[in-house]
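See below for the structure under consideration.
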Amino acid sequence: MSRSDAERNRRTLLEAAADALARSPGASMAQVAQAAGLARATLYRHFSSRQELLAAMRAEALVRAADAIAGSRLDEGTALEGLRRAVEALVSLGVRFRALLLEGADLDATFLQQRAEVLAPLKAVVRRGQEAGLIRSDLPPEWVVTAMASMLVAGVRASAGRGFDDSRVADLVFGTLTSGITARP
């Protein structure tokens with residue numbers, strides 16, 4: 001098998017795993033292989049265990065989150081508008097990777113450190129909002145970003161089975177966040 005075929009199979013397996021686990025968090029490795037349209041042996045050549053598959057999904061989720069934040073045009077408009085776009089982008093990813101949250105990825109110290117690095121650009125947006133008088137200056141930017149991340153996790157978890165679409169979850173997260181961080185006249 002060529003290197004490009006192997007990479008394509010890996011991408012296909014990760015996509016299928018995200019889809020299968022989003023529908024059924026307890027999906028088996030066999031169900032993931034079936035969803036990918038590949039043999040179980042192919043799945044096990046790439047990921048020797050469910051834990052290894054989940055680790056690869058966590059890594060992919062972090063890369064996609066970094067790309068989503070980079071694409072959120074954080075410097076355009078007000079800081080709150082930039083944060084809103086970031087929340088919307090991250091919610092859509094969160095719903096896709098909900099299974100990782102159900103597996104406890106947000107309790108793993110290494111994952112949390114990596115997530116903090118991915119979310120770091122948002123601290124500059126918070127500082128800009130504080131300088132513009134839009135965001136309370138008594139809140140450390142790290143706290144605001146951590147609170148936002150926690151609300152994103154809670155929103156994605158809570159939306160399961162409730163019929164909330166991405167837009168509704170983003171509205172709830174952003175509304176709750178800004179109720180607590182916006183400066184009062």
Side-chain angles (χ1 to χ4, degrees), residues 1-74 82-123 125 145-146 148-161 164-167 169-170 173:
M1 175 180 302
S2 75
R3 186 170 181 83
S4 63
D5 287 341
E7 185 54 37
R8 185 177 51 250
N9 284 346
R10 180 179 171 80
R11 283 192 312 272
T12 298
L13 288 163
L14 287 171
E15 288 289 323
D19 291 341
L21 293 171
R23 285 190 310 276
S24 175
S28 68
M29 294 287 276
Q31 289 169 314
V32 169
Q34 182 179 19
L38 297 169
R40 266 194 319 192
T42 302
L43 172 64
Y44 281 104
R45 267 196 303 278
H46 289 277
F47 309 105
S48 64
S49 67
R50 181 181 177 88
Q51 290 309 96
E52 192 175 313
L53 175 62
L54 291 172
M57 289 176 64
R58 282 192 296 274
E60 181 187 3
L62 290 167
V63 167
R64 287 190 180 203
D67 290 346
I69 289 169
S72 293
R73 304 178 333 272
L74 297 177
L83 287 176
R84 172 66 192 213
R85 287 188 295 273
V87 165
E88 289 170 350
L90 292 170
V91 163
S92 68
L93 288 176
V95 171
R96 176 164 181 72
F97 291 105
R98 179 184 292 123
L100 295 176
L101 298 176
L102 298 175
E103 293 279 341
D106 59 317
L107 303 175
D108 176 80
T110 301
F111 178 80
L112 291 175
Q113 176 59 40
Q114 293 167 333
R115 184 182 76 179
E117 291 168 14
V118 167
L119 298 177
L122 299 176
K123 290 187 285 189
V125 178
V145 173
T146 299
M148 185 183 91
S150 296
M151 283 188 259
L152 284 164
V153 167
V156 168
R157 277 190 173 131
S159 67
F164 292 171
D165 63 9
D166 293 358
S167 177
V169 174
V173 170

inquiry  = Can you list everything that forms a salt bridge (charged side-chain N to carboxylate O under 4.0 Å, His left out) with Asp165? Sequence neighbours excluded, please.
reply    = none

query = Which residues pass the side chain to side chain contact (heavy atoms under 4.5 Å, CB included) test with Ala30, sequence neighbours left out?
reply = Ser28, Arg40

query = Going through the checks in order, is the side chain to side chain contact (heavy atoms under 4.5 Å, CB included) test met by Leu43 and Asn9?
reply = CA-CA 8 Å; Leu43 172 64; Asn9 284 346; over 6 Å; no

ask   = For Arg23, what residues pass the salt bridge (charged side-chain N to carboxylate O under 4.0 Å, His left out) criterion, not counting sequence neighbours?
value = none

Show me, pair by pair, the donor-acceptor contacts under 3.5 angstrom made by side chains of residues 114-123, not counting sequence neighbours?
| residue | atom | partner | partner atom | Å |
| --- | --- | --- | --- | --- |
| Glu117 | OE2 | Gln113 | NE2 | 3.1 |

note = In short, Val87 meets Met148 closest at the heavy-atom pair CG2-SD, 3.7 Å

task = Measure the CZ-CZ distance between Arg10 and Arg45 for me, rounded to the nearest 0.5 Å.
result = 13.5 Å

ask   = Looking at residues at least two apart in the chain, or sitting in another chain, which of them share a side chain to side chain contact (heavy atoms under 4.5 Å, CB included) with Arg50?
value = Leu21, Met29, Leu54, Glu103

All side chain to side chain donor-acceptor pair (under 3.5 Å) counterparts of Ser4, not counting sequence neighbours = Ser2

task = Taking side chain to side chain contact (heavy atoms under 4.5 Å, CB included) as the test, write out the residues that go with Ser72, two or more places apart.
result = Leu74, Arg85, Ala86, Ala89

query = At their closest point, which heavy atom of Val91 faces which heavy atom of Asp166, and how far apart are they?
reply = CG1-O, 3.5 Å

task = Find out whether Val32 and Asp19 are in side-chain contact, i.e. whether some heavy atom of one side chain is under 4.5 Å from a heavy atom of the other.
result = no

Using a 3.5 Å cut-off and no angle test, enumerate the donor-acceptor pairs between side-chain atoms of residues 56-71 and protein atoms at least two apart in sequence or in another chain.
| residue | atom | partner | partner atom | Å |
| --- | --- | --- | --- | --- |
| Glu60 | OE2 | Arg64 | NE | 3.0 |
| Glu60 | OE2 | Arg64 | NH2 | 2.9 |
| Arg64 | NH2 | Glu15 | OE2 | 2.4 |

request  = Could you grab the distance from atom CG of Leu93 to atom CD of Glu88, nearest 0.5 Å is fine?
outcome  = 12.5 Å

key: With sequence neighbours excluded, residues passing side chain to side chain contact (heavy atoms under 4.5 Å, CB included) with Ser48   = Glu52

key: For Ala35 against Ala20, the heavy-atom pair lying closest together   = CB-CB, 4.4 Å

